[in-house]
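I have placed the structure first, in the form of structure tokens, so that the comments after it can refer back to it.
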Amino acid sequence: MVSQLLGGIGLFLLGVFLLSDGLKTAAGDTLRRILVRFTGRPSTAFISGAGITVLAQSSSATTLATIGFVSAGILTFSQAIGVVMGASLGTTSTGWLISLVGMKFGIGKLAFPLVGLGALVRLVSHGRNAAIALAVAGFGLMFVAIDILQSGMVSLSESFSPNNLPHGTLSGRVLLVGIGIGLTVITQSSAAAVATTLAAFHTGMIDLEQGTSLVIGASIGTTSTSALAAIGATTPAKRTALAHVLFSVVAGLVAFVILPIFVWSVKQAEQSLGSQFGAVILAAFHSGFTLLAALLVLPGVKRFSAFIERLVPERGPPLTQHLDSSLIEIPEVAIEAVRRTLMDVAAEVLDEIEQRLRGAIPVTPDRTDAVLAALK
């Protein structure tokens, strides 16, 4: 039972990684072009972030790329806030995919050919076709993993029931939110935490209140990836990571407040209809509270960004503000960061030469030293 659960989570994570990496490689520079082109307003940035995350099936990938783009000066901080909020909504699509397809139709065994076909095509092809094949194999592996997880949960449910977990109290809900955060931090994937929660709810191991509490925790816990990426990074990157954390906390608080009302409403609706909604109701809750939080924050995004800028003031040499070692992970962005830095340095040098030729200012060694340090 334990090996099935661990293996199911591991295979699911592997499937997500293969799918995400394959799609990112196949897309190439498309991600940067989309983000630069469709992030002019907070609303379009939000939609772009959500759409890219749905396609890549990884909010971490979108968030880390956004942090890199802000560090490189490709995106402004206000644009980045819209993108990371959209990424938070986009990542809820995994829950819909699992609950509507993976559990209702039990396509785990049907997904085996996708794994084999994807791996075979990957062996005999190159470039974009190989990346797409890798994504197909990852997609199939995700559903195989869901099947294994469900089998493990069915075995566990025979000796485990919702009564074994905190239930019906405020402290119990807080504890379950903490468990959801912990599970996401350990796996570094909110999708894995949500998939495990959906499988547990589907097999009757946990009830609706417990499931929604765990989903809230998974939503907050996903910020650990961006928080780790911001350590030692540039000021814009730290601001973007903090915006992601604060937005997720706001969304979690909104969800926690409406949780009792939501649970009561669902139970009333199920009694009236005489049927159960199933695991899809958890996916709906996840998307619902994330969208609600976004609607609350988006209208005041300028004030929100100004607040974060006060919390994380600009530090370090201004000429090298776009340079950050984490950008090496995205070569196109790293090159763009270097290009912008060289433009800033060149502008500084030319301005110094012009001022001296005019005799407008005396020789300023400090300014020259700053340029030399930036070039170095």
Side-chain angles (χ1 to χ4, degrees), residues 16 19-21 23-24 27-97 184 189-191 194 218-227 229-230 233 236-252 254 283 286-302 304-305 308 326-327 329-330 332-333:
V16 170
L19 176 62
S20 178
D21 290 347
L23 291 174
K24 282 190 293 181
D29 198 33
T30 306
L31 177 64
R32 182 181 68 83
R33 292 200 300 270
I34 291 174
L35 283 177
V36 172
R37 184 175 178 183
F38 299 106
T39 53
R41 298 191 303 273
S43 56
T44 55
F46 176 75
I47 294 169
S48 298
I52 290 169
T53 304
V54 169
L55 292 174
Q57 281 299 297
S58 173
S59 62
S60 296
T62 306
T63 304
L64 292 177
T66 303
I67 288 174
F69 295 156
V70 174
S71 292
I74 297 172
L75 291 179
T76 65
F77 176 52
S78 294
Q79 290 172 324
I81 291 177
V83 174
V84 296
M85 286 195 293
S88 296
L89 178 64
T91 195
T92 65
S93 64
T94 306
W96 285 99
L97 191 64
T184 307
S189 170
S190 62
V194 170
S219 176
I220 297 172
T222 193
T223 60
S224 62
T225 306
S226 55
K238 289 178 179 176
R239 287 173 175 172
T240 306
L242 180 59
H244 188 206
V245 171
L246 289 180
F247 172 73
S248 295
V249 170
V250 168
V254 168
H286 193 186
S287 297
F289 75 73
T290 306
L291 181 59
L292 182 57
L295 293 175
L296 291 173
V297 175
L298 271 176
V301 71
K302 289 185 178 178
F304 184 58
S305 61
I308 293 174
S326 66
L327 298 181
E329 298 296 326
I330 314 173
E332 298 89 351
V333 178

| said: Applying side chain to side chain contact (heavy atoms under 4.5 Å, CB included), can you list everything that pairs with Ala80, at least two apart in sequence or on another chain? | reply: Thr66, Val70, Thr240
| task | Might you point out which heavy atoms bring Pro299 and Ala294 nearest each other, and give the distance in Å? | result | CD-O, 4.3 Å
| query | Okay, side chain of Thr290, backbone of His286: is any donor-acceptor separation there less than 3.5 Å? | reply | yes
| note | Residues at least two apart in sequence or cross-chain that pass side chain to side chain contact (heavy atoms under 4.5 Å, CB included) with Leu298, listed by chain then number, are Pro42, Phe46, Met85
| query | Shortest non-hydrogen contact from Ala218 to Val194? | reply | CB-CG2, 4.0 Å
| field | By side-chain hydrogen bond (donor to acceptor under 3.5 Å, both in side chains) - contacts of Thr92 (at least two apart) | value | Ser287
| field | Listed once per pair and sorted, the side chain to side chain donor-acceptor pair (under 3.5 Å) pairs that draw on residues 241-251, sequence neighbours left out | value | Ser226-His244
| message | Is any side-chain heavy atom of Phe247 closer than 4.5 Å to one of Val84? | response | no
| Can you find a pair of side-chain heavy atoms, one from Leu296 and one from Val254, that are under 4.5 Å apart? | yes
| Thr91 side chain to Ser88 backbone, donor-acceptor under 3.5 Å | no
| said: Nearest 0.5 Å, please: how far is NZ in Lys302 from CD1 in Ile81? | reply: 12.0 Å
| query | When you measure from the side chain of Thr222 to the backbone N and O of Ser219, does any donor-acceptor pair fall under 3.5 Å? | reply | no
| query | Closest heavy-atom contact between Ile220 and Thr223? | reply | O-OG1, 2.8 Å
| Where is the tightest heavy-atom contact between Gly90 and Ser93, given as atom of each residue plus distance? | O-OG, 2.7 Å
